[in-house]
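For the numbers below, each heavy atom of this structure counts, side chains included, while hydrogens, waters and symmetry mates do not. Ligands are counted one by one from 1 in listed order, and the atoms in each one are counted from 1 as well.
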Amino acid sequence: MAKIDIQNCLEDIEKVAKINEGKNLKYSIFTMGCQLNENDSEKMCGMMEKMNYTKTDDLQEADLIVFNTCCVRENAEDKLFGKLGEVKKYKEKCGAIIAIGGCMMQEKHIVEKLKQSYPFFDIVFGPHTLEQFPTDLYKIICNRKRIEDILDIDGNIIEGLPIKRDSNIKASVAIMNGCNNFCSYCIVPYVRGRERSREPRDIIEEIKELANQGYKEIMLLGQNVNSYLRVEKEKNIPFEEYEGVNSFATLLRAVNKIEGIERIRFISPHPKDFTDDVIDAISECDKVCKLVHLPLQSGSTEILKVMNRKYTKEQYLNLVEKMKNKIPNLTLSTDIIVGFPGETEEDFLDTLDVVEKVKFEQVYMFIYSRRVGTPADKMENQVPEEIKHKRFDRLKKLVEKQIEIRNKEYVGTVQNILIEGRSKTNENVLTGRTDSNKVVVLEGNDDLIGKVLPAKIVSEHMWFLRGEMWDVRSGL
Ligand code: 5AD
Ligand code: SF4
């Protein structure tokens with residue numbers, strides 16, 4: 001697999017670090033969108049800290065303001081433009097450097113709009129040019145001329161960038177990038193380029209290092225994780241098998257063997273690629289969490305076809321059945337889009353029907369958002385806004401009712417909780433998560449942080465459960 005040479009990047013990090021030495025400079029970063037973007041932001045933070053910037057949440061004192069944008073839905077654009085309006089003041093007052101990166105910057109019409117309406121930015125870069133960021137910054141510091149560093153390419157693999165992770169217990173690890181599925185509503189394949197996987201060795205070694213540093217939970221990331229290494233095999237792109245890893249299932253098994261790691265999660269798999277070997281690996285690997293995120297998008301076979309999802313309602317339900325049979329204690333979460341072009345009341349009822357049947361642990365609900373350049377945007381039978389919103393509210397009601405029922409089922413059970421730290425809203429309690437990713441708050445000392453411990457669930461609230469540490473010996 002083609003890897004980008006980051007020698008220049010590392011040298012420019014050094015150069016900027018020297019210029020900034022002793023100046024007490026600060027940076028602020030805004031991240032929008034998915035966990036892959038959050039992972040990219042952690043790399044940007046890693047680079048900025050190496051360049052002698054320290055993080056601040058106070059925009060007024062930031063010398064460098066970075067936006068890592070998303071373009072999956074339109075509301076991210078509104079958010080970016082709103083925030084840029086605010087940032088303009090600080091630019092005028094203190095001369096902060098403004099850098100805008102991420103998926104939205106791969107969209108030409110957005111960059112044009114930025115130039116017209118927000119011409120005060122200094123750097124634009126896309127997700128393919130992350131490693132160029134220090135070089136762009138160096139050039140800006142030296143001669144203050146705006147830089148646009150967006151590459152219209154399929155994208156390569158970048159290895160070895162510095163990283164500053166948000167948590168010291170949970171770490172996300174991108175295993176692949178890009179997407180070849182071209183779901184008709186989705187902009188991702190156009191902005192993140194073609195699907196490509198990291199070398200097994202790079203992933204395994206990164207996770208071993210994380211285990212050495214004390215990380216307990218690994219989230220494997222990709223737009224389509226269960227087709228890890230598929231494109232490479234199909235196109236005879238060479239990769240090196242390492243510790244038996246030559247597919248997603250074998251990757252799960254290899255990570256499961258890494259000492260010190262206690263939990264493994266992954267997002268997002270595609271239902272059409274959910275092969276039996278992956279189901280077996282989830283079932284047999286004790287560290288792989290039994291919560292599977294299985295994006296449904298729509299429950300209607302007709303709509304799924306126009307979405308180019310390549311499965312029917314029945315195939316999805318059969319897959320769920322098979323997984324439930326093979327994986328004890330399986331829980332499921334999903335993504336659903338309402339108001340896709342041409343969605344009738346009957347189609348929508350099919351979506352509600354699947355939700356009723358599957359009983360998801362969590363549903364991420366989205367109102368269909370038109371994305372320039374995608375096939376669905378060109379469809380003439382767009383659903384009126386009012387209907388989309390009404391359907392969204394109906395789906396939300398059903399989901400909330402199900403979550404309430406599900407939460408009640410937790411009360412009285414004992415769950416293994418990975419304790420993540422003190423609650424951000426209440427210093428007196430700890431928070432952690434169940435295998436099924438439910439937030440649990442409980443009392444306890446700081447020395448429990450980072451451990452997986454049993455707790456008895458004593459009460460439920462809409463978005464969290466309350467638990468008490470469970471003494472295994474006494475059963476109290
Ligand atoms: N409109 C609404 N939701 C979308 N998603 C992707 N594209 C769109 C769109 N154009 C949702 C899908 C996907 C999740 C990450 O975002 O449900 O799984
Ligand atoms: Fe978008 Fe579909 Fe690819 Fe997911 S699988 S990133 S929804 S095109």
- [ ] Examine distances only and state if a side-chain atom of Lys170 and a backbone atom of Ser167 form a donor-acceptor pair shorter than 3.5 Å.
- [x]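 Looks like no, no N/O pair under 3.5 Å.
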
Relative to [atom], which among [options] owns the nearest non-hydrogen atom?
atom                    : options                        : answer
atom 4 (C) of ligand 1  : Asp377, Val338, Ile337, Thr374 : Ile337
atom 12 (C) of ligand 1 : Met365, Gln35, Arg371, Gln297  : Gln297
atom 13 (C) of ligand 1 : Ile267, Asp335, Thr334, Ile336 : Asp335
atom 8 (C) of ligand 1  : Val72, Asn75, Leu296           : Val72

I'd like to know whether [atom1] of [X] has more than 12 heavy-atom contacts from other residues, nucleotides or ligands below 6.0 angstrom.
X      : atom1 : value
Glu386 : CD    : no
Lys164 : NZ    : no
Glu346 : CD    : no

Open item on the list: Could you tell me if Arg73 sits above the aromatic ring of Phe366, with its cationic atom closer than 6.0 Å to the ring centre and no more than 45 degrees from the axis?
Closed with: yes

- [ ] From the options Gln223, Arg309, Lys272, select the one residue that forms a side-chain hydrogen bond (donor to acceptor under 3.5 Å, both in side chains) with Asn181.
- [x]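 Looking at Gln223, Arg309, Lys272, the match for Asn181 under the side-chain hydrogen bond (donor to acceptor under 3.5 Å, both in side chains) is Lys272.
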
Closest approach of any protein heavy atom to [atom], naming residue and atom:
atom                    : value
atom 1 (N) of ligand 1  : Ser369 N, 2.9 Å
atom 3 (N) of ligand 1  : Phe366 CB, 3.5 Å
atom 7 (S) of ligand 2  : Tyr185 OH, 3.3 Å
atom 7 (N) of ligand 1  : Tyr185 CD1, 3.3 Å
atom 16 (O) of ligand 1 : Arg73 NH1, 2.8 Å

TODO: Using distance alone, with no hydrogens and no angle criterion, decide if Tyr410 and Thr434 have a side-chain donor and acceptor under 3.5 Å apart.
DONE: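 Result is no, nothing qualifies.
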
- [ ] Determine whether the side chains of Tyr27 and Glu49 contain a donor N or O and an acceptor N or O closer than 3.5 Å.
- [x]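 Distance-only check passes for Tyr27 and Glu49.
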
Task: Heavy-atom closest pair, residues Ser369 and Glu74 - done: OG-N, 2.9 Å

- [ ] Please confirm whether Ile367 comes under 4.0 Å of ligand 1, counting heavy atoms of the residue only.
- [x]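 Contact check Ile367 vs ligand 1: positive.
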
TODO: Show your reasoning for whether side-chain hydrogen bond (donor to acceptor under 3.5 Å, both in side chains) applies to Asn68 and Ser41.
DONE: CA-CA 7 Å; Asn68 189 9; Ser41 280; 3.0 Å; yes

Open item on the list: Between Lys438 and Asn407, does the side-chain hydrogen bond (donor to acceptor under 3.5 Å, both in side chains) criterion hold? Intermediate values first, please.
Closed with: CA-CA 9 Å; Lys438 283 262 179 223; Asn407 283 351; 2.9 Å; yes

TODO: Quick one: name the protein N/O/S atoms under 2.8 Å from atom 2 (Fe) of ligand 2, chain by chain.
DONE: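 Cys183 SG, with waters left out.
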
